[in-house]
Every structure is written in structure tokens, then in C-alpha cells.
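Note sheet for the following structure.
These figures come from a predicted structure and were not determined experimentally. Note: hydrogens, waters and symmetry copies are ignored here, and every other heavy atom, side chains too, is used.
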Amino acid sequence: MLPWRRIRRIRKTKTRTLLPALALAVAASAATPTAALATDTASKAVSSGWNDYSCKPSAQHPRPVVLVHGTFGNSVDNWLGFAPYLVQRGYCVFSLDYGQLPLVPLFHGLGPVDQSAKQLSAYVDRVLAATGAAKVDMVGHSQGGMMPRYYLKFLGGAPKVNALVGIAPTNHGTTLSGLTKLLDYFPGAGDIIAKGAPGLMDQVVGSDFLRRLNEGGDTVPGVRYTVISTKYDEVATPYRAQFLSGPNVKNVLIQDLCATDISEHVTIGLTDGLAFHEAVNALDPEHATPTTCASDD
């Protein structure tokens, strides 16, 4: 497991990142990213073995894996731990950027979630065309574990997806540890946030988007669903709202597998070897092995 000191450092870094990012998203006042920066970010992924469009799935792993980042994330930073983990195990791995706002570099997943799902749809088609595969598997963190469900349910994605694995997904919205209740005390604040960064308000418990997404059931036929959660999640709260109901669903609380795992919302997607191991079990259930405290490799 991660040392406490390292976890505190990660949390402090993420806090320093999220606060200015939220301000940038709402105000939309950040500078436009340069072409060199975008190229450098993409090259990090390719040089690390993922987003390589010449990759052809093997007989052992016949489906490419599409990674879907979370709110304020991007196609590289969110997956610096998990993407190489998959590549080392022989998977063809791809990750997209979605939900970009004008003048807001690097921090994505802020646009309307239904529009982000359309970007995902186009990206899946691109990956299938490049690899020749019939279907993909998906792993998403936070919003990235929830947003694909819109693609599956409303955009014809189900026949193209074998499995969806959500790591700390906002499937039924979040109270953000109770902070969303403060919106009731500031009339118009929700409208301002929705205008500046609609992807945030789409994830608040009770939003119109979530009501539509979950109406009539959480799942669609033909897709296997896995949710991997932590009871220490402070962002997608309450953590049990992450779980899905329906056929072909497996809900996993990481502390049920290892009581000493103290990962929270960020670290479960960024560095948690137990979550990674359980995600791989979901991608390849025929060769699954028990996830224990010793699985943190």
C-alpha cells in the first residue's frame, strides 16, 4: 500500500490543482494550450506504449481497452499508472480527451456529459477501425465510469462494447461530501456553474441528466458492468451511489478485498494496485485471480 506521507502529498497536490481548475472552468479565462504542449502530452502516451494505433489485439486479449478519464482529467495524466499496467500485460490501450471547454487547457471533462458521450462514440469507432476488433472494453474513472453509460444507452454503443469497468464512478451523482447542498444558499450559483462548466452540474445528485440516464434501469443488455469503489471516497459521495443494479453487474468495495486499503477518489484511479488488479479481472474474467492486499504490485 502507499505510505501515508505519499498519500498526503498526492491529496495536497490534487487540491492545489482542482481549486484553480474549477475557477478556470467557470470563468473560462485560461490561456489556449499551444500545439507543442498538446503534441508533448500525446507523445507521452505513445512512448509509454498506449495510444499506439498500430497495436493489434492478441488472441489472449482480443479487445482493445478504451480508457475514459474523469472530470478535470485528460487522456494522459489520469492514466499514468493504469495504462502502462495494462500495456505490460499485453493489452492494446487507448485513451481519449473529451469534454473540453474553450480556453481551458489540460483540464477536461467539463462540457455537457451527453456531448462528451458523442465524442466517446466517435473515438470508439476510430479504435475499432484501427485495430480491426469487433468490440472494445472500457475502463473509466469518476465521470469516465458514468459517461459511457449514456453512450451505451442512447447512442448505440452497446453492440460495440463488451465490458464497462467504472473506478469510483459518479453513476447516481454526487453530493461532493455535502458541498452541493451549499448551492441552495446561493441562488443562481448552480446556473453560473452550469453555464461555465455544465459537466459539473450534470453530476450533482438529482440532475436532469442523471434522471434521464438512470430512468428505466442502470444497465443495457449485452454489456458486463463492474464498479470498483472505496469507502474513503470524498468526491463521488456517498460511495454506495456509485454502485449499479441489474443483470451482469459486479459491485466491488475495495476494502472488502483488503481492509487496510486507504485509497480515496484520486488514488484509487491513479495508483491503487488492488483496483488495477480487480479491473483486469473484470476485463479477463476467465483468467481472474483473487484480489488481496498482496495484489498491490
Residue pairs passing the side-chain hydrogen bond (donor to acceptor under 3.5 Å, both in side chains) test with at least one member in residues 106-119, sequence neighbours excluded, are Q100-Q119
- Task: Could you check K231 against E264 for salt bridge (Lys or Arg N to Asp or Glu O under 4.0 Å), going step by step and ending with a plain yes or no?
- Result: CA-CA 8 Å; K231 68 180 182 181; E264 41 73 73; over 6 Å; no
Residue pairs passing the disulfide bond (SG atoms under 2.5 Å apart) test with at least one member in residues 100-165, sequence neighbours excluded, are none
Do any N or O atoms from the side chain of N74 and from the backbone of H69 form a donor-acceptor pair under 3.5 angstrom?
-> no
Q: Using only heavy-atom distances, determine whether the side chains of T230 and Q255 contain a donor-acceptor pair under 3.5 Å.
A: yes
Practice task
Please answer whether the main-chain N or O of I254 pairs with a side-chain N or O of E278 as donor and acceptor at a distance below 3.5 Å.
Solution key: no
Here the ring-ring contact (aromatic ring centres under 6.0 Å, His included) pairs for residues 200-219, sequence neighbours left out, are Y150-F209
Could you tell me whether R149 sits above the aromatic face of F154, with NZ or CZ closer than 6.0 angstrom to the six-membered ring centre and within 45 degrees of the axis? no
Note to self: With clusters defined by side-chain heavy atoms of hydrophobic residues (ILVMFWY) lying less than 4.5 Å apart, directly or transitively, does L86 cluster with L274?
What the structure shows: yes
Any side-chain donor-acceptor pair under 3.5 Å between S75 and D97? yes
Side-chain donor-acceptor pair present, D137, N162, cut-off under 3.5 Å
yes
- Task: May I have the step-by-step check of side-chain contact (heavy atoms from CB on, under 4.5 Å) for N171 and V227, ending in yes or no?
- Result: CA-CA 9 Å; N171 280 320; V227 175; 3.8 Å; yes
message = Does R126 qualify as a cation-pi partner of Y53, given the criterion of NZ or CZ under 6.0 Å from the six-membered ring centre and within 45 degrees of its axis?
response = yes
By side chain to side chain donor-acceptor pair (under 3.5 Å), D284 pairs with (sequence neighbours left out) H287
Residues passing the side-chain contact (heavy atoms from CB on, under 4.5 Å) test with V87, sequence neighbours excluded, are W50, V93
Run the side-chain donor-acceptor check on residues 139-148: report pairs under 3.5 Å with partners two or more places apart or on a different chain.
from	atom 1	to	atom 2	distance (Å)
H141	ND1	N78	ND2	3.4
H141	NE2	H265	O	2.8
S142	OG	H265	NE2	2.9
Q143	NE2	T71	OG1	2.8
Q143	NE2	G109	O	2.8

Problem set entry | Test item: side-chain donor near acceptor, N51 and S95, under 3.5 Å | yes
Here the salt bridge (charged side-chain N to carboxylate O under 4.0 Å, His left out) pairs for residues 238-247, sequence neighbours left out, are none
With sequence neighbours left out, the residues meeting side-chain contact (heavy atoms from CB on, under 4.5 Å) with H172 are N214, D218, A241, L244
Hits for salt bridge (charged side-chain N to carboxylate O under 4.0 Å, His left out) against R224, two or more places apart or cross-chain, chain-then-number order -> none
**Message:** Could you go through L152 and L164, starting from their C-alpha distance and side-chain angles, then the distance that decides it, and tell me whether this counts as side-chain contact (heavy atoms from CB on, under 4.5 Å)?
**Reply:** CA-CA 10 Å; L152 298 176; L164 171 62; 4.1 Å; yes
Residue pairs meeting salt bridge (charged side-chain N to carboxylate O under 4.0 Å, His left out), one or both in residues 197-206, sequence neighbours left out, come to none
Looking just at side-chain N and O atoms, do T170 and Q203 make a donor-acceptor pair shorter than 3.5 Å? yes
Residues 150-169 vs salt bridge (charged side-chain N to carboxylate O under 4.0 Å, His left out), sequence neighbours excluded, gives D125-K160
Residue pairs meeting salt bridge (charged side-chain N to carboxylate O under 4.0 Å, His left out), one or both in residues 163-176, sequence neighbours left out, come to none
